[in-house]
Number of protein chains: 2
Amino acid sequence: MLHPEGRDRSSVTLAGRSPTLPTRERILRVASGLFATRGYHATTTREIAAAVGIRQPSLFHHFPSKEAILQTLLSSDLDVAVPNAEALAAAEGSASVRLYRYLGQDVAHLANSPYNLSGLYTEEVMRDPAFAPWVRKRARLHAAIERILADGVASGEFVDMPVSIVREAITGVLLRTLTLYSGQDRGGDPGFCEQIVSLVMRAVLIDPSRLPEIRRQAERNRS
Amino acid sequence: MLHPEGRDRSSVTLAGRSPTLPTRERILRVASGLFATRGYHATTTREIAAAVGIRQPSLFHHFPSKEAILQTLLSSDLDVAVPNAEALAAAEGSASVRLYRYLGQDVAHLANSPYNLSGLYTEEVMRDPAFAPWVRKRARLHAAIERILADGVASGEFVDMPVSIVREAITGVLLRTLTLYSGQDRGGDPGFCEQIVSLVMRAVLIDPSRLPEIRRQAERNRS
DNA sequence: GTCTATAATTGGATAGAC
DNA sequence: GTCTATCCAATTATAGAC
């Protein structure tokens, strides 16, 4: 008997169809893309399954729930980003160089990830009690960034604005601009990434003419 | 018989309970807040009704559908923002002053609106075919902003980056930072708004020392 | 590991009394 | 204009065959 979902797989993503990847991995890639473009709650398990090329119940062999798919994606990002940011927050060196390094790492990670991570940090996800542990992890990331920003304000390198607002603005820029580029395996166009980082640095630097020198220092002695 | 939804209205917003406002208006305010914090698709009509203090079916006396609530909110924003931006895109004067004016208008509108507008321009909403007409309207807004940005690049006032990326970055900053402040009727703290505008201007200006002069010009002869 | 079939729940929306 | 009662569709998840 023909299943009502049919067999049409014409509008399926490349990542989802790639036959060399294990199904679990294809699910993560496809789901991250759908979460980013349609939102977490609006994305159905049927859509994910269809894009992967399997039936909806087959998803549950690889993940115990839809939540678990998102949680896996959150871990893949935060388990890298939090230690990076905390190390930079505690490191020696000028706040400008440390912020540049953080931004460079973050942008590169977002742009090079096989997943589209821009659907993870929306209000609809972050306010959902199911993801509270990851919200706490993310709070540590925020605290680390704000420590770097506060150092820069104290040293006179950064404009004197509330650090939580600036951090929120930075998050907004990164998520919004990299939506278009993440999860697409394009090697993350290093020129583009550097432009985004420079845009953010100019916004916070009191003296943006220092930017080339900061860039040079940030790229030297990459820890 | 006691209805399963109960009568608990303890966690209800001020805007929703305000007894002087017509119900239709209270629905819009409450719904905009829920869309912003929980997302459009994750917000149920039952939640909206509970926060307003009525039963779920009563909503449909004021709006034909949940979609219509969001469409009303979209109109309230875009019907103001698009003409403003298009007028500035076609106006005389330096690109810097025009961008400053646009940002000032937009930030003030977002901060002073009785609605929390930050839940409207998410991917889950903008990619939904039901809202395609508003996506087209918004494209006109984007085009107007990009015209101002392109003017500034051509005149040497703005850093030379792809205007669509910069426009996306600006959108990200505004939506993210003003989430916390919009729809809260706090008069929109003019100092805070100016800080956000300045942050954005510094990011795009080749010579940020011009900022005080630009601000003075933008605030003179307010069209 | 994937399938069909289906359970269990929740969602938006309608009917009609008051 | 709000209510109760309810419909119908869609959703996540499970059971069990292959």
Side-chain angles (χ1 to χ4, degrees), chain A residues 1-9 12 16-31 34-35 38-73 124-125 128-131, chain B residues 1-9 12 16-31 34-35 38-73 124-125 128-131:
Chain A
M1 178 194 177
L2 189 66
H3 192 282
E5 282 172 28
R7 295 268 172 191
D8 180 20
R9 289 164 193 178
V12 129
R17 289 192 67 72
S18 173
T20 60
L21 288 171
T23 304
R24 185 189 152 89
E25 187 58 28
R26 289 192 292 149
I27 292 170
L28 288 171
R29 297 189 180 200
V30 157
L34 288 168
F35 293 160
R38 303 180 44 80
Y40 170 69
H41 287 100
T43 299
T44 69
T45 54
R46 280 180 171 77
E47 287 176 308
I48 299 171
V52 170
I54 58 178
R55 301 292 181 189
Q56 182 257 357
S58 305
L59 283 181
F60 293 86
H61 176 76
H62 302 275
F63 294 93
S65 66
K66 181 182 162 185
E67 261 180 43
I69 299 177
L70 193 97
Q71 287 168 341
T72 304
L73 292 168
E124 66 161 335
V125 169
D128 189 322
F131 306 111
Chain B
M1 177 194 174
L2 189 66
H3 192 283
E5 283 171 28
R7 294 265 173 194
D8 180 20
R9 288 163 193 177
V12 128
R17 289 191 68 70
S18 173
T20 60
L21 288 170
T23 304
R24 184 189 152 89
E25 187 58 28
R26 289 192 291 149
I27 292 169
L28 288 171
R29 298 190 180 199
V30 156
L34 288 169
F35 293 160
R38 303 179 45 80
Y40 171 70
H41 288 101
T43 299
T44 69
T45 54
R46 285 176 172 79
E47 286 176 309
I48 298 171
V52 170
I54 58 178
R55 301 289 180 189
Q56 182 256 358
S58 305
L59 282 180
F60 294 85
H61 176 77
H62 302 275
F63 294 94
S65 65
K66 181 182 163 186
E67 262 180 41
I69 298 177
L70 193 97
Q71 287 167 342
T72 304
L73 292 168
E124 66 161 334
V125 169
D128 189 322
F131 305 112

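Quick note on labels: first sequence line is chain A, next is B, and so on, each numbered from 1.
For the helix from C/dG1-D/dC18 to C/dC18-D/dG1, the terminal axes (five pairs an end, C1' atoms, rotation from four pairs onto the next four) enclose an angle of 0°, given to 10 degrees.
No side-chain heavy atom of B/H61 sits under 4.5 Å from any side-chain heavy atom of B/T23. The side-chain heavy atoms of A/F35 and A/L73, taken from C-beta on, include a pair separated by under 4.5 Å.
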### Summary
Going 5' to 3' through nucleotides 12-18 of chain C and flagging B where a protein heavy-atom sits under 4.0 Å of the base, S where only the sugar-phosphate is that close, and - otherwise, we get BBB----
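Within the 4.0 Å cut-off from OP1 or OP2 of D/dG1, at least one side-chain nitrogen or oxygen of B/H61 is found. The side chain of A/S58 places no N or O atom within less than 4.0 Å of a non-bridging phosphate oxygen (OP1 or OP2) of C/dG1.
When the ring pair (Phe, Tyr, Trp, His ring centres under 6.0 Å) test is applied to A/F131, the partners found at least two apart in sequence or on another chain are A/Y40. When the salt bridge (Lys or Arg N to Asp or Glu O under 4.0 Å) test is applied to A/E67, no partner is found at least two apart in sequence or on another chain. Under the side-chain hydrogen bond (donor to acceptor under 3.5 Å, both in side chains) criterion, B/E25 pairs with B/R29, B/Y115, not counting sequence neighbours. The side-chain hydrogen bond (donor to acceptor under 3.5 Å, both in side chains) search around A/T45 returns A/Q56, not counting sequence neighbours.
Separation of atoms OG1 (B/T72) and CZ (B/R24) is listed at 5.0 Å; rounding is to 0.5 Å. Going from atom NZ of A/K66 over to atom OG1 of A/T43 covers 6.0 Å, rounded to the nearest 0.5 Å. A distance of 4.5 Å separates CD1 in B/I69 from CD1 in B/I48, rounded to the nearest 0.5 Å.
A straight line from CZ of A/F63 to P of D/dT14 spans 15 Å, rounded to a whole angstrom. Atom CZ of B/R55 is separated from atom C1' of D/dT2 by 10 Å (rounded to the nearest Å). For the pair B/R38 CZ and C/dG11 C1', the computed distance is 13 Å after rounding to whole Å. In this structure, the CG atom of B/L59 is 13 Å from the C1' atom of C/dG11, given to the nearest Å. Atom P of nucleotide D/dT11 and atom CG of A/L34 are separated by 13 Å, given to the nearest angstrom. Across the protein-nucleic acid pair, A/I54 atom CD1 and C/dC3 atom P stand 6 Å apart, rounded to whole Å.
Picking from C/dT2, D/dG1, D/dC3 the nucleotide with the shortest atom distance to the side chain of A/H62 gives C/dT2.
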